[in-house]
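So the structure is just underneath, and the comments pick up after that.
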Amino acid sequence: MPSNRAVAYKGPGVVEVIDTDYPDFELHDGPGVNPANIGRKVEHGAILKTVATNICGSDQHMVRGRTTAPPDLVLGHEITGEVVEVGSDVEFIKVGDLVSVPFNISCGRCRNCKERKTGVCLNVNPDRPGSAYGYVDMGGWVGGQAEYVLVPYADWNLLRFPDKDQAMEKILDLAMLSDIFPTGFHGAVTAGVGVGSTVYVAGAGPVGLAAATSALLLGASVVIVGDMNADRLAQARSFGCETVDLTQGDPADQIEQILGVPEVDCAVDAVGFEAKGHGSDSGHEAPATVLNSLMDITAAGGALGIPGLYVTGDPGGIDEAAQKGSLSLSLGTGWAKSLSFTTGQCPVMKYNRGLMMAILGDRVHIADNVNAVPISLDEAPTGYAEFDAGAARKYVLNPNGYLAAA
Ligand SMILES: NC(=O)c1ccc[n+]([C@@H]2O[C@H](COP(=O)([O-])OP(=O)(O)OC[C@H]3O[C@@H](n4cnc5c(N)ncnc54)[C@H](O)[C@@H]3O)[C@@H](O)[C@H]2O)c1
Ligand SMILES: [Zn+2]
Ligand SMILES: [Zn+2]
């Protein structure tokens with residue numbers, strides 16, 4: 001049996017590369033594993049040798065100590081891999097397949113999965129609907145920032161790339177199918193983006209840049225990205241977005257300078273609960289800022305796509321209410337304007353195949369747009385630190401050397 005190494009959360013601000021168990025077809029006890037999931041048989045699963053596994057802003061919430069994630073939790077929910085073993089109940093996925101793993105773990109059998117709401121599968125997480133690899137309160141499925149990882153319900157969850165050689169030529173793009181590309185696309189779709197739309201995306205991190213890419217792919221006439229990070233705004237301009245610098249104040253005035261009106265048709269929150277204030281408040285956390293400003297600038301009848309993550313418990317919240325996930329929203333503004341809201345995990349499976357075809361057909365260059373940068377597994381702690389400091393990069397871990405040529 002091969003050995004296994006993985007990136008683990010050790011405590012606020014600290015991740016380490018550790019030796020860990022090579023997976024088998026059972027969910028064993030470990031950090032963050034829900035007691036009701038211990039001993040769960042996973043003969044429907046596959047073991048992957050990791051080809052690419054990305055660091056995400058969602059991981060950062062845990063690593064910054066802003067969740068109840070336990071120490072030693074193995075991180076990683078953005079996984080692309082090669083199948084090296086299949087369980088006895090797997091029918092169609094084969095050893096040797098090159099696959100993308102939706103970050104949502106889902107069963108394919110429950111009411112929500114049948115309705116394609118795979119972000120809120122009812123059967124994989126005893127804590128609440130919805131699950132993911134290597135994440136707090138998500139049932140305890142082991143993370144994939146590792147050399148090897150177990151994927152349950154493999155026939156259902158895995159997206160197989162049609163041709164391995166062709167896939168390896170675009171592997172950094174395809175590595176974005178496990179989360180941020182579908183997530184950004186979901187943000188744009190649920191914000192109602194279509195041909196000719198004007199769009200504002202709050203946040204120029206990888207998810208915001210993926211939402212902006214998606215809005216352009218969907219035919220938006222103008223895509224405006226807002227952040228207070230100059231390098232990330234430059235990255236957004238590199239593929240045709242307009243930008244607003246939120247250290248200068250609320251986005252409405254700058255949007256008016258671009259569009260002639262202080263509002264957009266569609267808005268995406270790609271920031272979440274660690275949002276900073278605008279203008280002179282841009283150095284301080286103000287968790288309701290993005291939601292309130294999007295309600296302000298979205299035209300009446302419009303929609304907000306909200307992939308940015310909001311939590312039910314935040315030990316580092318700015319006040320007692322925020323520590324319980326309660327924010328001070330001007331919902332009256334949203335109500336008066338008949339705005340629609342879509343929150344939650346992106347149901348990756350709804351979009352990943354179509355976006356894979358767009359990548360393979362050379363219609364979109366997501367890895368360039370988010371500035372995907374491969375690094376070794378041992379460089380993960382540095383990658384986490386640089387990403388936390390606001391690097392305009394999407395770090396892609398390369399635990400088994402597959403990305404040498406990428
Ligand atoms: N819904 C999902 O399925 C899903 C999937 C992946 C990530 N996410 C969430 O999406 C969010 C973004 O992820 P990421 O990897 O891009 O994270 P990130 O932390 O790299 O990017 C967030 C960006 O928001 C900027 N920001 C802070 N306050 C702002 C404000 N008021 N207006 C505009 N920008 C502001 C920050 O400077 C930063 O550049 C996170 O909350 C993450 O957890 C959700
Ligand atoms: Zn992610
Ligand atoms: Zn399900």
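Nothing fancy with the numbering, it's 1 onward along the sequence. All ligand and atom numbering here is 1-based and tracks the order in the structure.
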**Study point:** Spacing of Gln235 atom CD and Asn369 atom CG [to the nearest 0.5 Å]
**Key:** 7.5 Å
Practice item. State if Gly390 counts as touching ligand 1 under the rule of any non-hydrogen atom under 4.0 Å. Key: no
Review point. Which atom, counting only N, O or S, brings Glu78 closest to the Zn ion (ligand 2)?
Key: OE2
Review point. In the protein, what heavy atom is nearest to atom 22 (C) of ligand 1, and what distance, to one decimal place, separates them?
Key: Ala270 O, 4.0 Å
Point to revise | Parallel, tilted or perpendicular: rings of His77 and Phe103 (30°, 60°) | key: perpendicular
Check your understanding: For Gly277 and ligand 1, does the shortest N/O to N/O distance drop below 3.5 Å?
Key -> no
Exercise for review: Ignoring angles and geometry beyond distance, decide whether Ser58 reaches within less than 3.5 Å of ligand 1 through its nitrogen or oxygen atoms.
Suggested key: yes
Exercise for review: Check the side chains of Gln145 and Asp59 for a donor-acceptor pair under 3.5 angstrom, ignoring hydrogens and angles.
Suggested key: yes
Point to revise | atom 23 (C) of ligand 1: the protein heavy-atom neighbour that sits closest, reported with distance to 0.1 Å | key: Asp227 OD2, 3.6 Å
Point to revise | Atom pair CZ/CG of Arg111 and Asn123 - distance to nearest 0.5 Å | key: 13.0 Å
Review point. Any idea how His61 and Phe273 line up, ring-wise: parallel (<30°), tilted (30 to 60°), or perpendicular (>60°)?
Key: tilted
Review point. Can we say Glu285 and Lys276 salt-bridge, meaning some charged N sits less than 4.0 Å from an Asp/Glu carboxylate O?
Key: no
Exercise for review: Give a yes-or-no answer on whether the side chains of Asn4 and Thr20 include a donor-acceptor pair shorter than 3.5 Å.
Suggested key: no
Check your understanding: Any N or O of Val290 that comes nearer than 3.5 Å to an N or O of ligand 1?
Key -> no
Practice item. Give a yes-or-no answer on whether the side chains of Glu379 and Thr382 include a donor-acceptor pair shorter than 3.5 Å. Key: no
Check your understanding: To which of His61, Arg64, Met62 does the heavy atom nearest atom 19 (O) of ligand 1 belong?
Key -> Arg64
Review point. Around the Zn ion (ligand 3), how many protein N/O/S atoms fall inside 2.8 Å?
Key: 4
**Study point:** Region of His278 engaging ligand 1 - heavy atom pairs below 4.0 Å
**Key:** side chain
Point to revise | From the candidates Leu246, Val370, Leu291, the one that places a heavy atom nearest atom 33 (C) of ligand 1 | key: Leu246
Review point. Counting heavy atoms only, which part of Gln60 comes closer than 4.0 Å to ligand 1: side chain, backbone, both or neither?
Key: neither
Review point. Take atom CZ in Arg64; do more than 12 heavy atoms of anything else shown fall under 6.0 Å from it?
Key: yes
Check your understanding: Hey, are Lys41 and Glu43 close enough for a salt bridge, meaning a charged N less than 4.0 Å from a carboxylate O?
Key -> no
Point to revise | NE2 (His77) to the Zn ion (ligand 2) to OD2 (Asp179) angle, given to the nearest 10 degrees | key: 110°
Exercise for review: Would you please determine whether Gly344 falls within less than 4.0 Å of ligand 1 on a heavy-atom basis?
Suggested key: yes
Study note, to complete from the structure: Rounded to the nearest 0.5 Å, the CG atom of Asp388 sits from the CD atom of Gln60 at a distance of 4.5 Å
Exercise for review: Report the nearest protein non-hydrogen atom to atom 15 (O) of ligand 1: residue, atom name, distance rounded to 0.1 Å.
Suggested key: Gly57 N, 2.9 Å
Practice item. Give yes or no for whether the N/O distance cutoff of 3.5 Å, strictly under, is met between Gly272 and ligand 1. Key: no
Check your understanding: Nearest non-hydrogen atom to atom 31 (N) of ligand 1 belongs to which of Glu285, Arg232, Lys276?
Key -> Lys276
Exercise for review: Heavy-atom contacts with Phe103 under 4.0 Å: which atoms of ligand 1 show up? List them by number with element.
Suggested key: 3 (O)
**Study point:** For atom 5 (C) of ligand 1, closest protein heavy-atom neighbour
**Key:** Asp179 OD1, 3.2 Å
Point to revise | ligand 1 contact on Phe273 by region, counting heavy-atom pairs under 4.0 Å | key: neither
Point to revise | Side chains of Glu85 and Tyr148, donor plus acceptor under 3.5 Å | key: no
Practice item. Pick out which of Asp137, Asp127, Asn125 makes a side-chain hydrogen bond (donor to acceptor under 3.5 Å, both in side chains) with Asn34. Key: Asp127
**Study point:** Gap between atom CD1 of Ile366 and atom CG of Leu209 - 0.5 Å precision
**Key:** 8.0 Å
Revision key, fill the gap. The closest protein heavy-atom partner of atom 41 (O) of ligand 1 is Val271 O, 2.9 Å
Exercise for review: Could you tell me whether a side-chain N or O of Ser178 sits under 3.5 Å from a main-chain N or O of Ser100, the two making a donor and an acceptor?
Suggested key: no
**Study point:** Polar side chain donor-acceptor pair, Thr247 to Asp245, under 3.5 angstrom
**Key:** yes
Point to revise | Note, Tyr133 side chain near Val151 side chain (heavy atom, < 4.5 Å) | key: yes
Check your understanding: Is the backbone N or O of Ile55 less than 3.5 Å from a side-chain atom of Lys394, with the two atoms forming a donor-acceptor pair by type?
Key -> yes
Check your understanding: Which ligand 1 atoms, with their elements, are less than 4.0 angstrom from a heavy-atom of Ala275?
Key -> 28 (N)
Revision key, fill the gap. the protein heavy atom lying closest to atom 9 (C) of ligand 1 turns out to be Pro307 O, 3.7 Å
**Study point:** atom 3 (O) of ligand 1 [closest protein heavy-atom partner, distance rounded to 0.1 Å]
**Key:** Cys346 N, 2.8 Å
Check your understanding: Is Val207 touching ligand 1 with its side chain, its backbone, both, or neither, if touching means heavy atoms under 4.0 Å apart?
Key -> both
Check your understanding: To which protein heavy atom is atom 29 (C) of ligand 1 closest, and what is the distance rounded to 0.1 Å?
Key -> Met228 SD, 3.6 Å
